[in-house]
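One structure is given here, and the rest of the page talks about it.
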Amino acid sequence: MGCLFSKKSRRKSPKKDSALPAGDESATGNDLPETNNTALGSNSNQEAPKQYSWDKREKVDPKDFMLTGLKNETVGRLPGKLNGQQFVIQDCENCNIYVFDHSATITIDDCVNCRIILGPVKGSVFFRDCKDIKCVVACQQFRTRDCKKIDVFLCCATQPIIESSTGMKFGCYQYYYPELAFHFKDAGLSIFNNNWSNIHDFTPVSGETNWSLLPEDAVVLEYMPLPDPESEFKSVRISAEANRSIVPLTKGGRRTESEESCLFVFFAGDYTTANARKLIDETTTKGFVLIQTKEVSMRPEDVNRVFQNNAESLTEWITKGPVVALELNGDGVVEACRSIANEVFNGTKVNIKASCYFSSLFIENLL
């Protein structure tokens, strides 16, 4: 259904002493071998230590989950090597680093002049004491502290935070490799929740600007090269073209050229993501601009507040899953979206409002 509106490794538990207490036959039940005539109190009759589930797990080598002290190298991890573990990058200089897997958290410390690609991160990505870095990052939380000159193509579910950092430049995430959609899902990230341009400077300086946005036509490959054909990453099929990016390319906080905006809301269904992508393709082809996107679960009170007169007919739909909202901008975008809704999404229930106030209200409350 569519709805259109304008406007660090685990510690092992100690093994227990499984030696049988002297004279306690109840401790053995009927499991003692018949050929064993040794007195129960003898040291030679001790059972083998009990095996616990954590003893049977494959041992983790911390070195597999960190890159440290490297210089002038192309390094990283292929898909399937991290599988949601935390990862550490530190003291690297002039390196190309490719992490093509999802992880729990990633910290990058004391790195200089590096190019870094990070697969989806369930928690935080934290840069500390780094300078001259270019990176592509998808995460729940993005933070920097004591950093200088970092260019980042970002997908961040929450508001990015910089602290004691200067020369920071942000652009919208643009990247693709075949496993990336699965990695987003495994990391619990939505491709539609991206606050890449909504930066919070924790330590602003009066009269100075510590961060800015990258040029709107910035191309990822001009910042982040493809892996060397001779490297272990040559088999990963990468694309940095904006139209193939797993995350929709949004204008974010940049100034819009038109005063006319449209908010298109898809309710949960089997093809919600595909429908949203189809709408983006149709509208951008016509020259309209995607401002921002959001995927959010709604409560009945949210429906009443946001959809107002149409709330009753929509309440049942929010029980089916989250909604996906797309804000589009451009002269004539409202009528164009109405036409697309009828022609491309014919057969789905569409609610259209041409109120800038309504769009602003929805964005304020949900986006």
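From a predicted model like this one, the values you see are computed outputs, not experimental measurements.
- Of all heavy-atom pairs spanning Ile246 and Ala181, the tightest one is CD1-CB, 3.7 Å.
- The hydrophobic cluster containing Tyr223 also contains Ile117, counting ILVMFWY residues as joined when their side-chain heavy atoms lie under 4.5 angstrom apart, directly or transitively.
- In this structure, Asn83 contributes its side chain and Gly80 its backbone to a donor-acceptor pair below 3.5 Å.
- At a threshold of 4.5 Å between non-hydrogen side-chain atoms, the residues Val344 and Lys278 count as touching.
- Ser197 contributes no side-chain N or O that, together with a main-chain N or O of Gly252, makes up a donor-acceptor pair within less than 3.5 Å.
- Side chains of Glu343 and Ser339: a donor on one and an acceptor on the other come within 3.5 Å.
- The pair Lys251-Glu216 meets the salt-bridge criterion, with a side-chain N (NZ, NE, NH1 or NH2) lying under 4.0 Å from an Asp/Glu carboxylate O.
- Between Asn194 and Cys155, the shortest heavy-atom distance links the atoms OD1-CA, 3.1 Å.
- Between the side chain of Asn329 and the backbone N or O of Ser258, at least one donor-acceptor pair lies under 3.5 Å.
- To the nearest 0.5 Å, atom SG of residue Cys262 and atom CZ of residue Phe288 are 9.0 Å apart.
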The test is side-chain contact (heavy atoms from CB on, under 4.5 Å); show your working for Val247 and Phe184 and say whether it passes. CA-CA 10 Å; Val247 174; Phe184 262 87; 3.6 Å; yes
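- The line from CG of Leu154 to SG of Cys172 is 8.5 Å long, rounded to the nearest 0.5 Å.
- The line from CG of Asn210 to CD1 of Ile162 is 5.5 Å long, rounded to the nearest 0.5 Å.
- Residues Val137 and Val121 are not in side-chain contact: their nearest non-hydrogen atoms beyond the backbone lie 4.5 Å or more apart.
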I would like to know whether Glu93 and Lys71 meet side-chain contact (heavy atoms from CB on, under 4.5 Å); could you show each step before the answer? CA-CA 5 Å; Glu93 182 178 352; Lys71 188 174 182 178; 3.8 Å; yes
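- In this structure, the side chains of Cys92 and Thr68 stay at 4.5 Å or more apart for every pair of heavy atoms.
- A donor-acceptor distance shorter than 3.5 angstrom exists from the side chain of Thr283 to the backbone of Ile280, with no hydrogens or angles considered.
- Annotation: side chain of Leu82 is not in contact with side chain of His102 (no heavy-atom distance under 4.5 Å).
- In this pair, Phe142 and Phe127 present their aromatic rings tilted. The plane angle is within the 30 to 60° band.
- A distance of 8.5 Å separates CD of Glu241 from CG of Leu221, quoted to the nearest 0.5 Å.
- Contact of the Lys294 side chain with the Ser190 side chain is not registered, since no non-hydrogen atoms from C-beta on lie closer than 4.5 Å.
- Of the possible donor and acceptor atoms, none in the side chain of Thr209 sits under 3.5 Å from a partner among the backbone N and O of Trp211.
- Summarising the geometry of Gln174 relative to Leu249, their closest heavy-atom pair is NE2-CD1, 3.6 Å, with the distance given to 0.1 Å.
- Annotation: side chain of Ile106 is in contact with side chain of Leu118 (closest heavy-atom distance under 4.5 Å).
- Annotation: side chain of Ile161 is not in contact with side chain of Asp201 (no heavy-atom distance under 4.5 Å).
- When atom types are taken as modelled, the side chain of Ser231 and the backbone of Pro227 share no donor-acceptor pair closer than 3.5 angstrom.
- Summarising the geometry of Phe192 relative to Ala276, their closest heavy-atom pair is CZ-CB, 3.8 Å, with the distance given to 0.1 Å.
- In this structure, Leu279 CG and Leu328 CG are separated by 5.5 Å, a value rounded to the nearest 0.5 Å.
- Applying the side-chain hydrogen bond (donor to acceptor under 3.5 Å, both in side chains) test to pairs two or more places apart or on separate chains, those with a residue in residues 108-127 are Asn94-Asn113, Asn94-Arg115, Asn96-Arg115, Asp109-Arg128, Asn113-Arg115.
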Please evaluate residues Ile97 and Val99 with respect to the criterion side-chain contact (heavy atoms from CB on, under 4.5 Å), reporting the C-alpha separation (whole Å), side-chain torsions for both, the decisive distance (0.1 Å), and the verdict. CA-CA 7 Å; Ile97 299 172; Val99 179; 4.2 Å; yes
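- The closest donor-acceptor contact from the side chain of Asn342 to the backbone of Arg338 lies under 3.5 Å.
- Aromatic pair Phe153/Tyr175: ring centres not closer than 6.0 Å.
- In this structure, Phe65 and Gln86 approach most closely via the heavy-atom pair CB-O, 3.6 Å.
- Taken to the nearest 0.5 Å, the CG atom of Asp228 stands 11.0 Å off from the CZ atom of Phe233.
- Proximity of Ile133 to Cys111: side-chain heavy atoms (C-beta onward) are separated by under 4.5 Å at one or more points.
- A donor-acceptor pair under 3.5 Å is formed between the side chain of Ser165 and the backbone N or O of Cys147.
- Minimum interatomic distance between Lys169 and Leu214 (heavy atoms only, all atoms of both residues): CB-CD2, 3.6 Å.
- Under a 3.5 Å cut-off, the side chain of Gln140 and the backbone N or O of Cys156 do not form any donor-acceptor pair.
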Go through it in stages, so that I can follow the logic: the residues are Val220 and Tyr173, the test is side-chain contact (heavy atoms from CB on, under 4.5 Å), and I'd like the CA-CA distance, side-chain angles, deciding distance and then a yes or no. CA-CA 9 Å; Val220 171; Tyr173 187 101; over 6 Å; no
Verdict with supporting geometry, Phe266 and Phe264, ring pair (Phe, Tyr, Trp, His ring centres under 6.0 Å): CA-CA 7 Å; Phe266 287 99; Phe264 201 116; 4.7 Å; yes
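- Salt-bridge formation is not detected for the pair Glu230/Lys234: no Lys NZ or Arg NE/NH1/NH2 atom is positioned less than 4.0 Å from an Asp or Glu carboxylate oxygen.
- The hydrophobic cluster containing Met224 also contains Leu226, counting ILVMFWY residues as joined when their side-chain heavy atoms lie under 4.5 angstrom apart, directly or transitively.
- Listed for the Asp101 side chain is a donor-acceptor partner under 3.5 Å among the backbone atoms of Lys81.
- Residues Val136 and Val236 fall within the same hydrophobic cluster, defined by Ile, Leu, Val, Met, Phe, Trp and Tyr side chains chained together at heavy-atom separations under 4.5 Å.
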Kindly determine whether Lys134 and Asp151 satisfy salt bridge (Lys or Arg N to Asp or Glu O under 4.0 Å), including the steps that lead there. CA-CA 5 Å; Lys134 303 182 188 305; Asp151 297 339; 3.1 Å; yes
Kindly indicate, with the supporting measurements, whether the criterion ring pair (Phe, Tyr, Trp, His ring centres under 6.0 Å) is fulfilled by Tyr177 and Phe100. CA-CA 8 Å; Tyr177 59 86; Phe100 294 122; 5.1 Å; yes
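- Tyr176 and Leu78 are assigned to two separate hydrophobic clusters, defined by single-linkage of ILVMFWY side chains at heavy-atom distances under 4.5 Å.
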